[in-house]
Amino acid sequence: MWLRCTSKCVFASLSRSYNNVLSRSFNIAAFMPEAAGFEGVSDRAALQEFSLSNSDHFWAAVARHRLTWISPFHTVQDCDLSRGRIKWFEGGKLNVSVNCLDRHVHTCPEKVALIWERDEPGSEVKVTYRSLLDMTCRLGNLLRRRGVKKGDCVTIYMPPCPLAVASMLACARIGAAHNVVFAGFSAEALAERIRDAQSSTVITVNQGVRGGRVIELKKTVDTAVEGCPSVKQVFVAMRTENPVVMTDRDVSMEEEMKLEDAVCEPAAMDSEDVLFLLYTSGSTGKPKGLVHTQAGYLLYALLTHRYVFSYHDGDVFGCVADIGWITGHSYSVYGPLANGGTTVLFESTPVYPNPGRYWEMVQRLRINQFYGAPTAIRLLLKYGDHWVHKYDCSTLKTLGSVGEPINTEAWEWYHRVVGDGRCPVVDTWWQTETGGICIAPRPSDPDAEIVPGMAMRPFFGMKPVLVDGEGKLLTSNNTSGPLCLAQPWPGMARTIHNNHQRFIETYCQPYPGYFFTGDGAHRSEEGYYQITGRLDDVINVSGHRLGTAEIEDVVNHCPAVAESAVIGYSHDVKGQAVYAFVVLKKEVGVPEEDLSQLLKDMVSKSIAKYACPDQIQFVQRLPKTRSGKIMRRVLRKVVEQDLGGLGDLSTLDDPAAVQEIVQGHQDLCSGERHSPLKVHAS
């Protein structure tokens with residue numbers, strides 16, 4: 001019912017509009033009403049400084065003004081980064097679904113909340129706030145009737161669609177946490193996340209549809225739950241008309257929802273109760289279940305959505321990220337809905353049915369802010385300008401990029417061709433761990449410069465710093481180093497599920513007193529920040545973070561493999577690609593070409609297709625120190641063809657191994673039937 005409906009609702013016109021804060025006579029109270037109570041604050045620079053020097057006052061005022069509370073908070077923050085203690089708005093009680101739905105239904109029930117851009121072009125579905133609340137309440141009541149309690153964790157394995165959003169909000173309404181797993185993950189990866197979250201309930205669809213292809217999501221769930229004894233029930237919605245095999249464990253979700261009441265009493269949740277888990281790859285093989293809580297996360301998501309993108313009432317916000325990632329959580333769901341906005345759920349791909357898909361959608365839905373990944377921008381750039389010029393993109397006001405640093409060529413094409421030279425491009429830096437955008441060119445003065453490929457300016461309340469190898473602050477400009485955050489903020493993750501010690505060791509111990517991001521950055525002469533990439537063994541493929549250990553674990557499970565080392569290297573479209581060095585056991589009687597395909601299939605099945613190595617090089621041995629540590633730095637230099645940058649090899653147990661690998665890499669590139677991927681030295 002809710003998934004297959006193709007009728008369209010009429011977009012409700014809004015009488016209320018914001019003051020024009022982009023005029024030359026800047027009005028701080030019009031820009032941010034709370035600022036009227038901030039002593040000495042009359043412009044954006046002063047507001048930024050106040051948010052740091054008077055952090056409690058700033059966040060308390062914003063929280064009271066922008067969130068609807070059941071009970072007020074008594075303590076703004078109780079944080080100690082050195083100990084990994086992070087608490088915001090203690091004493092306060094609220095319900096996230098009420099903040100995203102009920103309060104807007106009271107004022108504008110027929111306003112469109114969601115525009116579901118289905119895979120089939122031109123078949124979008126519009127869902128009003130009233131309809132989304134109805135859907136959420138019915139599903140919340142169904143979950144309660146089927147035994148889901150406050151504090152339980154429900155795993156959601158669905159493509160972007162209204163019922164997926166309702167599932168997230170229904171969990172929030174009854175006090176259950178949700179664990180959304182990207183619907184491109186394999187059954188094994190899904191099972192690992194279900195087990196770690198200890199979910200007894202899974203929500204999915206019969207099939208997904210993406211790029212014109214039908215994807216058997218229910219079958220993936222069936223395979224996954226075979227290894228998850230905790231799972232007692234699977235709710236199945238119908239995305240397509242095709243029936244699927246249902247067992248005693250399975251529940252026809254839409255049919256059961258029809259039997260439920262459209263009113264669901266919202267649970268009163270403490271500010272620090274868990275809102276959701278979201279798993280992200282780390283430098284070890286086991287994904288991390290990062291924990292985000294209620295009030296702080298929601299406040300930070302709505303504030304960054306409003307000010308980074310200059311979102312106003314009546315705008316249509318087009319974030320094309322999947323809901324399985326933090327970008328989809330914060331900027332397709334929670335941020336826009338908490339602001340009472342209209343948000344797009346994109347189900348398809350950038351090139352289906354042709355490379356004009358994004359821009360045809362912009363024209364048809366009259367999108368005002370467009371937020372996508374540099375990978376997609378680089379891909380579409382290669383198809384030429386005419387696919388953009390074919391459509392009217394004049395409604396666009398702000399363009400955003402997310403997931404990885406955007407290169408200058410892609411930035412300039414995005415700005416010049418897509419934005420017609422008039423839309424600011426906000427290159428945003430943030431992470432699953434941060435909950436929302438931390439560094440971006442906006443908000444800033446309307447005429448403030450934006451430098452291509454730079455995240456540039458910290459958001460309100462954010463204090464980025466650079467440190468040296470010994471943890472000392474680098475205070476001068478035109479310098480580079482590990483990027484840390486010096487002050488806590490409401491949207492940050494609180495812990496790693498069931499492993500707070502790992503949270504402390506990963507983020508708090510490397511540079512005591514600071515939150516370590518794992519990224520390196522450069523601060524320019526002007527004080528702007530540019531992200532230079534990961535400092536740990538994490539690869540960013542098309543905006544998806546992959547731990548090298550995660551891939552190595554899969555490769556090493558092959559009976560023919562003795563050991564392996566995986567690295568990332570620059571790729572023109574994907575940002576980074578995966579390169580695997582593999583040492584085989586003796587007397588393996590399988591052709592290398594067949595073995596290479598087998599290993600790629602194993603990675604695809606165990607993790608996801610995007611995790612597959614682009615290149616596999618079989619080697620006799622790996623370069624190691626005398627203590628047995630694999631020198632991945634050396635392997636990166638070989639793949640980047642930067643042999644002059646190999647550095648001191650005297651610490652290697654056998655330096656001759658490097659020359660063998662160099663020769664093998666050259667042979668691999670020259671011997672390929674297709675042109676090798678273009679590699680850039682970083």
Side-chain angles (χ1 to χ4, degrees), residues 1-6 116 118-120 123 125 135 138-139 142-143 146-148 152-168 170-171 176 178-259 279 322-325 328 345-349 604-610:
M1 176 176 63
W2 283 281
L3 280 180
R4 299 195 298 275
C5 171
T6 57
W116 180 25
R118 288 156 38 103
D119 190 60
E120 304 86 351
S123 65
V125 176
M135 204 185 305
R138 291 178 186 274
L139 182 49
L142 174 59
L143 291 172
R146 299 283 304 197
V148 178
D152 289 350
C153 184
V154 175
T155 293
I156 300 170
Y157 186 72
M158 303 174 82
C161 62
L163 264 182
V165 175
S167 297
M168 296 165 72
C171 289
H178 60 70
N179 164 38
V180 181
V181 178
F182 172 56
F185 273 128
S186 68
E188 291 181 29
L190 172 60
E192 183 177 25
R193 287 154 175 81
I194 292 173
R195 285 193 296 266
D196 192 73
Q198 299 164 304
S199 291
S200 61
T201 300
V202 177
I203 304 177
T204 190
V205 295
N206 64 329
Q207 296 173 316
V209 184
R210 191 169 187 268
R213 296 186 302 111
V214 173
I215 304 160
E216 301 292 346
L217 297 185
K218 171 62 162 56
K219 288 184 179 179
T220 300
V221 171
D222 287 344
T223 302
V225 299
E226 286 176 5
C228 301
S230 66
V231 175
K232 306 304 180 187
Q233 56 187 348
V234 176
F235 292 89
V236 184
M238 298 294 287
R239 169 58 180 92
T240 68
E241 301 285 351
N242 302 323
V244 291
V245 175
M246 300 286 281
T247 69
D248 292 341
R249 179 182 55 220
D250 301 327
V251 179
S252 297
M253 188 161 83
E254 290 152 300
E255 294 303 312
E256 292 295 315
M257 285 172 64
K258 293 176 186 177
L259 306 177
Y279 285 83
D322 193 280
I323 59 164
W325 309 115
L345 299 171
F346 184 71
E347 185 183 40
S348 193
T349 77
S604 176
K605 181 175 182 294
S606 295
I607 305 174
K609 288 183 179 179
Y610 64 75

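- Of all non-hydrogen atoms in Val245 and Asp250, the two that sit nearest each other are O-OD2, 3.9 Å.
- Smallest separation of non-hydrogen atoms from Ala608 and Gly184: CB-O, 3.8 Å.
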List the steps, then state whether side chain to side chain contact (heavy atoms under 4.5 Å, CB included) holds for Asn179 with Ile156. CA-CA 6 Å; Asn179 164 38; Ile156 300 170; over 6 Å; no
Applying side-chain hydrogen bond (donor to acceptor under 3.5 Å, both in side chains), run through Ser606 and Glu188 and close with a yes or a no. CA-CA 5 Å; Ser606 295; Glu188 291 181 29; 3.1 Å; yes
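- Taking OG1 of Thr204 as the reference point, atom CZ of Arg239 lies at 13.0 Å (rounded to 0.5 Å).
- Within the 3.5 Å criterion, the main-chain N or O of Arg118 finds no donor-acceptor partner in the side chain of Ser123.
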Apply side chain to side chain contact (heavy atoms under 4.5 Å, CB included) to Val221 and Val202, showing your working. CA-CA 8 Å; Val221 171; Val202 177; 4.1 Å; yes
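- Using modelled atom types, no side-chain atom of Glu347 and backbone atom of Arg210 make a donor-acceptor pair closer than 3.5 Å.
- Under a 3.5 Å cut-off, the side chain of Glu254 and the backbone N or O of Met238 do form a donor-acceptor pair.
- Glu120 places a side-chain heavy atom less than 4.5 Å from the side chain of Val209.
- Between Leu163 and Met253, the closest side-chain pair of non-hydrogen atoms falls below 4.5 Å.
- Rounding to the nearest 0.5 angstrom, the gap separating the NZ atom in Lys218 from the OG1 atom in Thr240 is 12.5 Å.
- A distance-only check finds no donor-acceptor pair linking the side chain of Arg249 to the backbone of Val225 [under 3.5 Å].
- Interatomic distance, OH of Tyr279 versus CG of Leu190, reported as 11.0 Å (0.5 Å rounding).
- Judged by distance alone, the side chain of Asn206 and the main-chain N or O of Asn242 form a donor-acceptor pair under 3.5 Å.
- With values rounded to the nearest 0.5 angstrom, Ser199 atom OG is found 12.5 Å from Lys232 atom NZ.
- Of all the heavy atoms in Pro159 and Leu217, the pair that sits closest is CD-CD1, 3.7 Å.
- Side chains of Phe235 and Arg146 form a contact here, defined as non-hydrogen atoms less than 4.5 Å apart.
- Remark: the backbone N or O of Lys219 is paired with a side-chain donor or acceptor of Thr223 at under 3.5 angstrom.
- Across every non-hydrogen atom of Asp119 and Gly211, the tightest pair is OD1-N, 2.7 Å.
- Partners of Tyr157 by side-chain hydrogen bond (donor to acceptor under 3.5 Å, both in side chains), not counting sequence neighbours: none found.
- Using a 4.5 Å cut-off on side-chain heavy atoms (C-beta onward), Thr155 and Thr201 make no contact.
- Checked by atom type and distance alone, the side chain of Ser252 never pairs as donor or acceptor with a backbone atom of Glu255 at under 3.5 Å.
- In this structure, Ala189 and Phe185 approach most closely via the heavy-atom pair CB-CD2, 3.9 Å.
- One finds the CG atom of Asp222 at 8.5 Å from the OG1 atom of Thr220 (value rounded to the nearest 0.5 Å).
- When all heavy atoms of Ser604 and Ser186 are compared, the closest pair comes out as O-CB, 4.0 Å.
- No side-chain heavy atom of Asp196 sits less than 4.5 Å from a side-chain heavy atom of Arg193.
- Of the possible polar contacts, one joining the Trp116 side chain to the Pro160 backbone as a donor-acceptor pair under 3.5 Å is found.
- Taking the ring pair (Phe, Tyr, Trp, His ring centres under 6.0 Å) definition, one finds that Tyr610 meets it with His544, sequence neighbours left out.
- For the atom pair Leu345 CG and Ile323 CD1, the distance stands at 7.5 Å (nearest 0.5 Å).
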Show, in sequence, the C-alpha distance, side-chain angles and deciding distance for Val148 and Val154, and conclude whether the side chain to side chain contact (heavy atoms under 4.5 Å, CB included) test is met. CA-CA 8 Å; Val148 178; Val154 175; 3.9 Å; yes
Could you walk me through whether Ser167 and Met158 pass the side chain to side chain contact (heavy atoms under 4.5 Å, CB included) check? CA-CA 10 Å; Ser167 297; Met158 303 174 82; 3.9 Å; yes
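- Using a 4.5 Å heavy-atom threshold, the side chains of Val214 and Glu216 count as touching.
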